[in-house]
Trainee: 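Attaching a single structure in structure tokens format; questions to follow.
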Amino acid sequence: MPSSRPGHPHPRHPRPRRRRARTAVATLLLLSAVAYTAWVLEVVLSTGLDPVQAYISELAAEDQPLGGLFRATDLAAGLCVLAAAVAALITGQAKRPGTPGRRWALVGWSALALFGAATAADSRLPLSCAPTSDEMCAARETAGLVPATHTAHAVSSSLAVLGALTGMVALTTAARRHGWWPPVGRFGPWLLGAELLATAWSLAAIAAFQTGRGTWALGAGQRLQVLLVALWLGVLALGVARSNARPGTSGRSGTSGRSGTSGRSGTSDDPDETPRRAGPPLDRRPSQDRRPI
């Protein structure tokens with residue numbers, strides 16, 4: 001049974017309120033990752049669009065038979081990410097002055113909030129038609145004869161990509177530098193690198209399509225881009241969920257065999273925990289009174 005005498009610090013279990021908050025954040029992140037990959041339903045559902053060539057946003061276009069379904073999943077994904085980021089900002093390490101990596105956390109969660117809000121806005125600003133598969137739609141878009149939602153959708157989509165990339169960079173950096181969320185520290189850099197390549201591919205393909213040089217497998221690039229973001233959100237959800245375990249038991253490589261300690265001195269995979277110093281050593285001198293209690 002843990003001692004409560006001076007010099008014997010209490011085990012650092014997460015406070016119940018923080019534990020519930022982390023569980024909520026992890027759950028919301030996982031739900032957002034699932035909703036953000038709803039486009040895989042086109043494998044079993046007939047959408048009439050070429051997944052290699054079509055914008056992923058065309059699945060939610062107003063003239064598409066399943067547009068309502070994909071707009072709903074986009075809205076759910078965006079709201080879940082937004083709620084998770086706001087909860088993390090309110091209850092997590094981003095609000096604790098002096099916490100190592102606080103700035104990275106503040107930037108990262110704020111960027112994810114932007115990503116969630118922009119994704120939700122995307123679902124309310126759908127394309128009116130599918131320009132990659134409808135020549136008349138493409139001609140109207142080039143002539144500027146489509147509704148203003150096309151331009152608004154392009155802006156909200158750009159903000160969503162910016163928020164996702166910034167969040168991935170900031171929170172992956174926090175995980176690597178400070179030992180938080182070990183799954184993010186382990187897999188985040190690989191997912192981030194692949195995401196940057198997929199984003200470059202998508203931007204180049206969009207530019208080629210808008211200048212009449214083909215689609216350059218635009219749909220495949222965008223679907224890979226979205227899939228990588230969803231995978232990273234899932235990894236972040238796992239890292240946040242694991243931080244509910246006793247701090248220091250699942251840190252980076254080099255973990256000590258002693259329970260409650262990690263290989264890096266003073267480092268815990270729980271970003272909300274403030275390291276506590278042990279009290280002064282106990283006086284080990286023999287006592288003159290050895291009567292049994």
Trainee: Which atoms form the tightest heavy-atom contact between A160 and A118, and what is the distance?
Mentor: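 Heavy atoms only, the tightest pair is N-CB, 3.5 Å.
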Trainee: Between V226 and T37, is any pair of side-chain heavy atoms under 4.5 Å apart?
Mentor: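 Sidechains of T37 and V226: no contact.
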Trainee: So which heavy atom on L171 is nearest to which on L112, and how close?
Mentor: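 The pair with the smallest heavy-atom distance is CD1-CD1, 3.8 Å.
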Trainee: Nearest 0.5 Å please: distance from the CG atom of L227 over to the CH2 atom of W39.
Mentor: 5.0 Å
Trainee: Rounded to the nearest 0.5 Å, what separates atom OG in S46 from atom CG in L41?
Mentor: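 One finds 13.0 Å between OG of S46 and CG of L41.
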Trainee: Identify the heavy atoms of T149 and P126 that sit nearest to each other, and give their distance.
Mentor: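 Minimum heavy-atom contact is OG1-O, 3.4 Å.
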Trainee: For S32 and C80, work out which heavy atoms get closest and say how close.
Mentor: CB-CB, 3.7 Å
Trainee: Grouping I, L, V, M, F, W and Y whenever their side-chain heavy atoms are under 4.5 Å apart, do L224 and L165 come out in a common cluster?
Mentor: yes
Trainee: Output the distance between atom SG (C137) and atom CG (L145), rounded to the nearest 0.5 Å.
Mentor: 11.0 Å
Trainee: Does any part of the side chain of V25, heavy atoms only, come nearer than 4.5 Å to the side chain of W109, both counted from C-beta?
Mentor: yes
Trainee: Report yes or no: does R223 contribute a side-chain atom to a donor-acceptor pair with the main-chain N or O of G219 at less than 3.5 Å?
Mentor: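 Such a contact is found between R223 side chain and G219 backbone.
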Trainee: Could you please spell out the steps behind the side-chain contact (heavy atoms from CB on, under 4.5 Å) verdict for L127 and E58?
Mentor: CA-CA 7 Å; L127 301 176; E58 292 180 45; 4.1 Å; yes
Trainee: Measure the spacing between SG of C129 and CE of M136 and express it to the nearest 0.5 Å.
Mentor: 10.0 Å
Trainee: Check the pair I56, Q225 against side-chain contact (heavy atoms from CB on, under 4.5 Å), reporting the backbone distance first and the verdict last.
Mentor: CA-CA 10 Å; I56 196 168; Q225 185 182 17; over 6 Å; no
Trainee: When S128 is tested against each of E62, R140, H150 for side-chain hydrogen bond (donor to acceptor under 3.5 Å, both in side chains), which residue passes?
Mentor: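 Only match with S128 under side-chain hydrogen bond (donor to acceptor under 3.5 Å, both in side chains): H150.
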Trainee: Do L218 and L228 share a hydrophobic cluster, counting only Ile, Leu, Val, Met, Phe, Trp and Tyr and linking them when any side-chain heavy atoms are less than 4.5 Å apart?
Mentor: no
Trainee: With a 4.5 Å limit on heavy-atom distance, are the side chains of L45 and L69 in contact?
Mentor: yes
Trainee: Do F115 and V229 have side-chain heavy atoms sitting under 4.5 Å apart?
Mentor: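 F115 vs V229: side chains touch.
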Trainee: Apply the test side-chain contact (heavy atoms from CB on, under 4.5 Å) to residues T119 and V81: give CA-CA distance (whole Å), side-chain angles for both, the deciding distance (0.1 Å), then the verdict.
Mentor: CA-CA 9 Å; T119 300; V81 173; over 6 Å; no
Trainee: Is there a path of hydrophobic side-chain contacts, each under 4.5 Å between heavy atoms of I, L, V, M, F, W or Y residues, that connects Y55 with L59?
Mentor: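 Different hydrophobic clusters.
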Trainee: Is there a path of hydrophobic side-chain contacts, each under 4.5 Å between heavy atoms of I/L/V/M/F/W/Y residues, joining L31 to V240?
Mentor: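 No.
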Trainee: Should we say atom CH2 of W216 is surrounded by more than 12 heavy atoms from elsewhere, each under 6.0 Å from it?
Mentor: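 Open: at most 12 neighbouring heavy atoms sit under 6.0 Å from CH2 of W216.
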Trainee: Drop me the distance from L66's CG to R71's CZ, to the nearest 0.5 angstrom.
Mentor: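 Reported to 0.5 Å precision, the distance equals 10.5 Å.
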Trainee: Compare every heavy atom of V107 with every heavy atom of A170, then report the nearest pair and how far apart it is.
Mentor: CB-CG1, 4.0 Å
Trainee: Under 3.5 Å, is there a donor-acceptor pair linking the side chains of S202 and Q222?
Mentor: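 Judged by distance alone, the side chains do not pair up.
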Trainee: Between F209 and P131, what is the shortest heavy-atom contact and its length?
Mentor: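 Looking at all heavy atoms of both residues, the shortest contact is CZ-O, 3.8 Å.
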Trainee: With a 4.5 Å cut-off on side-chain heavy atoms, are H153 and S57 touching?
Mentor: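 Yes, close enough: below the 4.5 Å cut-off.
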Trainee: Between W232 and E195, is any pair of side-chain heavy atoms under 4.5 Å apart?
Mentor: no
Trainee: Assess whether atom CZ of R124 is packed by more than 12 heavy atoms of other residues, nucleotides or ligands within 6.0 Å.
Mentor: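 Enclosed: over 12 neighbouring heavy atoms sit under 6.0 Å from CZ of R124.
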Trainee: Start with the C-alpha gap between D122 and D74, add the side-chain angles, then the distance that decides, and say whether side-chain contact (heavy atoms from CB on, under 4.5 Å) holds.
Mentor: CA-CA 8 Å; D122 248 5; D74 281 348; 5.5 Å; no
Trainee: Starting from L28, can I reach W181 by hopping between I/L/V/M/F/W/Y residues whose side chains sit under 4.5 Å apart?
Mentor: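 No, separate clusters.
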